[in-house]
Number of protein chains: 2
Amino acid sequence: MIKILLADDHQIMLGGISAMLENEKEIEVVGAVSNGLEVLEFIKNKEVDVLLLDLQMPVMDGLETTMHAKKLRPKLNILMLTTNDEGSIITSIFKKGATGYLLKSASKSSLIQGIKDAAEGKKVLSSHLTAIMIDSLSEKPSPKKGEAPPITKRELEVLQLIAEEFTTQEIADKLFVSTNTVATHKRNLFVKMDAKNSVGMVKMAIDWGWI
Amino acid sequence: MIKILLADDHQIMLGGISAMLENEKEIEVVGAVSNGLEVLEFIKNKEVDVLLLDLQMPVMDGLETTMHAKKLRPKLNILMLTTNDEGSIITSIFKKGATGYLLKSASKSSLIQGIKDAAEGKKVLSSHLTAIMIDSLSEKPSPKKGEAPPITKRELEVLQLIAEEFTTQEIADKLFVSTNTVATHKRNLFVKMDAKNSVGMVKMAIDWGWI
DNA sequence: TTCAATATCACACAATTGTGTGAGAAAAAC
DNA sequence: GTTTTTCTCACACAATTGTGTGATATTGAA
């Protein structure tokens with residue numbers, strides 16, 4: 001018997017899912033709540049095998065709820081319910097520790113199968129959403145418009161050392177040049193990378209795979 | 001007619017794939033090379049619709065090849081061939097611009113279907129490898145040893161604003177507190193995160209998925 | 001209720017970063 | 001073989017960051 005907790009801010013959704021699962025002998029809906037905080041309250045006291053979680057909720061959304069719920073009950077299996085226009089955050093779902101995701105428009109059979117898979121800890125994914133997720137991954141390399149700016153070899157060295165938390169003085173020592181030189185390299189980097197400060201440059205360097 | 005280029009450092013693999021595709025009327029193998037450099041040479045001069053690329057190759061591996069090939073021919077569809085023990089880098093495959101991946105142990109029919117899908121630009125994925133990929137995503141949050149330090153809500157806000165290249169003064173204005181307060185939060189962050197400067201904190205924040 | 005953690009602020013001061021301007025030598029590109 | 005880019009350095013100065021020390025009010029947990 002798989003114990004399920006439903007979480008969705010739309011009563012109709014809760015009702016619909018409950019109805020879908022009503023005749024399933026292996027599945028028992030042990031609760032239905034309408035936001036993340038209530039989820040956390042619920043699982044503190046009661047046993048739950050699978051959490052069916054709406055991504056969009058007031059007070060505490062699915063993502064945050066997943067994070068907190070996983071801390072409370074690391075072995076809890078969480079299935080995220082999404083619409084198909086939320087592809088860009090699907091990777092986050094898994095980073096936070098969810099077991100899988102289902103489309104809200106999923107059929108009864110795929111819902112039930114998904115729950116059973118999740119209960120066993122299997123990853124649950126709709127191929128449709130997976131494709132969207134991959135799209136969002138491939139879009140990553142160029143976070144800003146256009147190409148990575150052309151950086152010289154020396155500038156890259158300086159940038160990498162900045163990323164390693166070295167001061168200008170320390171970088172100068174490592175490269176056997178004066179601090180003025182390092183400062184000039186940084187100055188040029190700021191212009192090329194259009195960054196306000198070292199933090200900005202390092203972030204971009206990470207985005208572009210330079211560190 | 002889909003024009004295919006094969007790239008694998010194992011002659012047997014090349015032979016095997018060629019044989020598999022021999023009787024396919026819609027697919028034509030226009031070349032077979034054994035490393036990434038040869039791939040780039042090939043696609044410079046000749047027309048190719050789909051590139052079937054081994055992930056592990058000498059001289060230039062599949063990942064690097066994908067990156068360069070995509071620069072040369074942005075519309076080229078690349079299918080990566082992998083064994084099932086390389087899950088952790090599957091996300092990189094897509095980040096570099098590949099269209100999909102196939103298991104080397106794939107059946108003839110799934111290979112052919114995969115190629116046809118790829119030729120149309122469709123994402124190609126084996127559900128098995130997708131699960132591995134997602135595992136590697138969920139593992140990401142703690143790349144360094146140990147746990148992420150406990151940061152308060154306010155400290156997180158400050159940290160996120162630092163990452164957005166705001167100065168202490170600007171952060172203070174945004175949060176309606178004094179610069180002294182922001183400085184104190186930063187001070188505490190330095191201790192908690194064991195960072196030397198803001199750059200270090202932002203790097204860790206990225207590692208831990210806080211920004 | 002008491003205690004620990006959080007969030008707030010002040011003042012002072014050293015260290016570091018970022019900017020403006022100018023310039024010479026070496027290496028690479030043309 | 002000339003031109004451009006890269007790498008180097010200097011000096012000065014404003015802005016920002018990071019540190020040390022101490023203090024008060026609020027909150028939430030024990």
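So that the names make sense, note that chain A is the first sequence line, chain B the second, and so on, each numbered from 1. All values below come from the heavy atoms of this structure, side chains included, with hydrogens, waters and symmetry mates left out. Everything quoted here is computed from the prediction, not taken from an experiment.
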Can you give me the N/O atom pairs linking the protein to nucleotides 26-30 of chain C at distances under 3.5 Å, or say none if there are none?
none

_side-chain hydrogen bond (donor to acceptor under 3.5 Å, both in side chains) against A:Glu120, all qualifying residues, sequence neighbours excluded_ = none

*Could I get the full list of side chain to side chain contact (heavy atoms under 4.5 Å, CB included) partners for A:Glu26, not counting sequence neighbours?*
A:Lys116

Pairs under 3.5 angstrom, nitrogen or oxygen only, protein versus nucleotides 6-10 of chain D, please.
residue: D:dC7; atom: OP1; partner: A:Arg154; partner atom: N; Å: 3.3
residue: D:dC7; atom: OP2; partner: A:Thr152; partner atom: OG1; Å: 2.3
residue: D:dT8; atom: OP1; partner: A:Arg154; partner atom: NE; Å: 3.1
residue: D:dT8; atom: OP1; partner: A:Arg154; partner atom: NH2; Å: 2.8
residue: D:dT8; atom: OP2; partner: A:Arg154; partner atom: NE; Å: 2.9
residue: D:dT8; atom: OP2; partner: A:His185; partner atom: NE2; Å: 2.9
residue: D:dC9; atom: OP2; partner: A:Ser178; partner atom: N; Å: 2.8
residue: D:dC9; atom: OP2; partner: A:Thr181; partner atom: OG1; Å: 2.8
residue: D:dC9; atom: O5'; partner: A:Thr181; partner atom: OG1; Å: 3.4
residue: D:dC9; atom: N4; partner: A:Thr184; partner atom: OG1; Å: 3.0
residue: D:dA10; atom: OP2; partner: A:Asn180; partner atom: ND2; Å: 3.2

Using a 3.5 Å cut-off and no angle test, enumerate the donor-acceptor pairs between side-chain atoms of residues 38-49 of chain A and protein atoms at least two apart in sequence or in another chain.
residue: A:Glu38; atom: OE1; partner: A:Ser34; partner atom: N; Å: 3.2
residue: A:Glu38; atom: OE2; partner: A:Asn35; partner atom: ND2; Å: 3.2
residue: A:Asn45; atom: ND2; partner: A:Glu41; partner atom: O; Å: 3.3
residue: A:Asp49; atom: OD2; partner: A:Lys3; partner atom: N; Å: 2.8

*By side-chain hydrogen bond (donor to acceptor under 3.5 Å, both in side chains), which residues pair with A:Lys192, not counting sequence neighbours?*
A:Glu155

_Let's see if you get this right: which residues in residues 159-171 of chain A place a heavy atom under 4.0 Å from DNA chain C?_
A:Thr167, A:Thr168

Which atom pairs, one a donor and one an acceptor, fall under 3.5 Å between side chains of residues 14-25 of chain A and the rest of the protein, sequence neighbours left out?
residue: A:Ser18; atom: OG; partner: A:Leu14; partner atom: O; Å: 2.8

*Which angle, rounded to 10°, do you find between the first-five-pair axis and the last-five-pair axis of the helix from C:dT1-D:dA30 to C:dC30-D:dG1?*
70°

*By side-chain hydrogen bond (donor to acceptor under 3.5 Å, both in side chains), which residues pair with A:Asp117, not counting sequence neighbours?*
A:Gln113

Could you pull out all donor-acceptor pairs under 3.5 Å where a side-chain atom in residues 180-191 of chain B meets a protein atom, sequence neighbours excluded?
residue: B:Thr181; atom: OG1; partner: B:Ser178; partner atom: OG; Å: 3.3
residue: B:Thr184; atom: OG1; partner: B:Asn180; partner atom: O; Å: 2.9
residue: B:Asn188; atom: ND2; partner: B:Thr184; partner atom: O; Å: 3.4

*What residues, two or more places apart in sequence or in another chain, satisfy side-chain hydrogen bond (donor to acceptor under 3.5 Å, both in side chains) together with B:Gln169?*
B:Asp173

